[in-house]
*Asks:* 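Sharing a structure with you now.
Treat the numbers as computed from the prediction; the structure is a model and nothing was measured. Both counts, for ligands and for their atoms, begin at 1 and track the order of listing.
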Amino acid sequence: MKIQSVRARVFEWKGKTVPPQANFCSNAMDALYDRGDSMKTFRFHGWTVVEIETDDGIVGLGNVALAPHIAKAIIDQYLAPLVIGQDPWDYEYLWQRMYRSTLAWGRKGVAMAAISAVDLAIWDILGKSVNKPVFKLLGGRTKERIPCYYSKLYRGDLKAMQEEAQTFLDQGFTAFKMRFGYGPNHGTRGVAENLKSVQAVREVIGYESDLMLECYMGWDLDYARRMLPKLEKFEPRWLEEPVIADDVDGYAELSRLSAIPISGGEHEFTLHGFRQLLDKKAVSVVQYDTNRVGGITAAHKINALCEAHAIPVIPHAGQMHNYHLTMSTLASPMSEYFPQFDVEVGNELFYYIFKGEPVAKDGFLQLDDTVPGLGLTLNTEYLDQFQISE
Ligand SMILES: O=C(O)C(=O)C[C@@H](O)CO
Ligand SMILES: [Mg+2]
């Protein structure tokens with residue numbers, strides 16, 4: 001079997017979107033005084049879809065949601081020529097070929113995300129060629145069902161957050177991730193607002209449910225040092241991305257400082273990046289995203305590294321490419337889960353582009369042992385609401 005063609009298309013959502021709410025999620029731009037909509041950087045309204053076809057007609061689907069037009073250019077100009085004519089079963093060789101040929105400028109960020117999209121499509125082909133789901137090629141079914149946590153609860157009106165939490169508590173979720181809205185530049189009022197929001201959600205879900213707290217790189221070491229003791233009474237499952245991804249030593253200090261587990265990894269790349277995080281004991285929960293980190297080839301290695309370090313892997317974002325990694329290792333106890341909503345930040349877009357995503361039931365997800373590959377097809381229902389560029 002040989003790879004015959006690589007097609008990368010950018011799907012840009014032109015449909016209805018929920019307008020950004022002020023302070024809906026702390027983020028790295030909060031450190032700068034606002035010269036306009038600082039939340040603009042925090043939108044994923046475009047997605048690159050990769051379709052790789054083999055000489056015997058198998059089509060593998062990959063995806064990447066970071067800088068989609070740049071990812072497409074990297075795939076078209078650099079990665080496609082490296083894999084066309086090659087045997088997809090040589091996936092390690094092909095991964096190294098893509099990685100080493102772009103090392104000078106691509107070892108992290110959008111180039112590695114582009115490599116991830118090609119790698120996902122290759123693994124989709126592998127599964128389809130042997131009529132097995134990808135998780136069966138990685139270690140098989142390690143869970144009867146995948147426990148998942150409800151992830152949204154962006155900061156807004158506290159009553160609305162409580163109603164949202166109640167709705168999904170009633171649907172059987174027993175783990176919830178909420179977003180802080182405030183950080184270092186919002187002073188003591190921001191601290192109070194942050195604590196009020198955690199209190200409000202805890203009042204609804206109680207203490208028999210897990211609560212995860214998301215900062216999305218919107219805090220800094222000093223602010224996190226001050227917030228952690230105030231958060232302990234809420235018994236969070238973890239505090240996520242309290243500092244920017246480059247501040248590995250900051251992560252490590254917070255991990256040493258507090259009993260609250262510090263999580264991160266959705267903005268880290270390759271086995272090498274996670275080796276550094278683990279060697280420095282920077283995080284207590286690893287959250288790579290398989291469509292960023294280096295694809296399934298890289299994520300599978302990171303799963304083994306995390307198993308060796310006894311650090312749980314709970315991949316960022318849910319989405320099918322991550323569910324196969326969670327299903328196939330005991331190192332991954334659960335998945336993140338974004339239900340389908342109207343398009344807002346863009347985490348929801350996956351449902352509008354692809355079909356095949358499992359819907360959570362009672363806080364669990366299920367994968368089908370009989371569906372080959374990643375189990376995704378293109379969703380044609382919303383095509384008219386996308387601008388698609390070849
Ligand atoms: O789901 C997460 O962990 C993210 O970081 C996504 C982003 O929407 C901020 O929450
Ligand atoms: Mg996150």
*Asks:* Flag Asn347 as yes when one of its N or O atoms lies below 3.5 Å from any N or O atom of ligand 1, and as no otherwise.
*Replies:*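 Looking only at distances, the answer is yes, because the N/O contact criterion of under 3.5 Å is met.
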
*Asks:* Report the atom name of the nearest N/O/S atom of Glu240 relative to the Mg ion (ligand 2).
*Replies:*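 Closest N, O or S atom of Glu240 to the Mg ion (ligand 2): OE2.
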
*Asks:* Answer side chain, backbone, both or neither: which part of Phe24 comes under 4.0 Å from ligand 1, heavy atoms only.
*Replies:*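 The answer is neither; Phe24 stays 4.0 Å or more away.
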
*Asks:* Can you check which of His267, Lys177, Glu241, Met178 brings a heavy atom nearest to atom 3 (O) of ligand 1?
*Replies:*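 Heavy atom nearest to atom 3 (O) of ligand 1 belongs to Lys177.
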
*Asks:* Relative to Phe269, does Arg292 satisfy both conditions: NZ or CZ under 6.0 angstrom from the six-membered ring centre, and within 45 degrees of the ring's axis?
*Replies:*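 No.
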
*Asks:* Heavy-atom count check: over 12 atoms from other residues, nucleotides or ligands less than 6.0 Å from Tyr78 OH?
*Replies:*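 Counting other residues, nucleotides and ligands, OH of Tyr78 stays at 12 neighbours or fewer.
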
*Asks:* Checking a contact table here: which protein heavy atom is nearest atom 1 (O) of ligand 1, and how many Å away?
*Replies:*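 Minimum-distance protein heavy atom for atom 1 (O) of ligand 1 reads Glu336 OE2, 2.5 Å.
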
*Asks:* Need one value: angle at the Mg ion (ligand 2), Glu266 atom OE1 versus Glu214 atom OE1, rounded to 10 degrees.
*Replies:*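 Reported to 10°, the angle equals 170°.
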
*Asks:* Less than 4.0 Å between a side-chain N and a carboxylate O, is that true for Lys301 and Glu92?
*Replies:*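 Counted as a salt bridge, because a side-chain N and a carboxylate O are separated by less than 4.0 Å.
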
*Asks:* Decide whether the shortest distance between a heavy atom of Phe338 and an atom of ligand 1 is less than 4.0 Å.
*Replies:*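 Under 4.0 Å: yes for Phe338.
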
*Asks:* Is the distance between the ring centroids of Tyr352 and His45 less than 6.0 Å?
*Replies:*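 So the answer is no for these two rings.
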
*Asks:* Can you say whether the rings of Phe386 and Phe11 are parallel (under 30°), tilted (30 to 60°) or perpendicular (over 60°)?
*Replies:*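 Rings of Phe386 and Phe11: perpendicular, over 60°.
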
*Asks:* Could Glu51 and Arg9 be called an ion pair, given the rule that one side-chain N must be under 4.0 Å from one carboxylate O?
*Replies:*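 Salt bridge between Glu51 and Arg9, a charged N being under 4.0 Å from a carboxylate O: yes.
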
*Asks:* Just let me know how Gln287 lines up against ligand 1, side chain, backbone, both or neither, with a heavy-atom cut-off below 4.0 Å.
*Replies:*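 Answer for Gln287: neither.
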
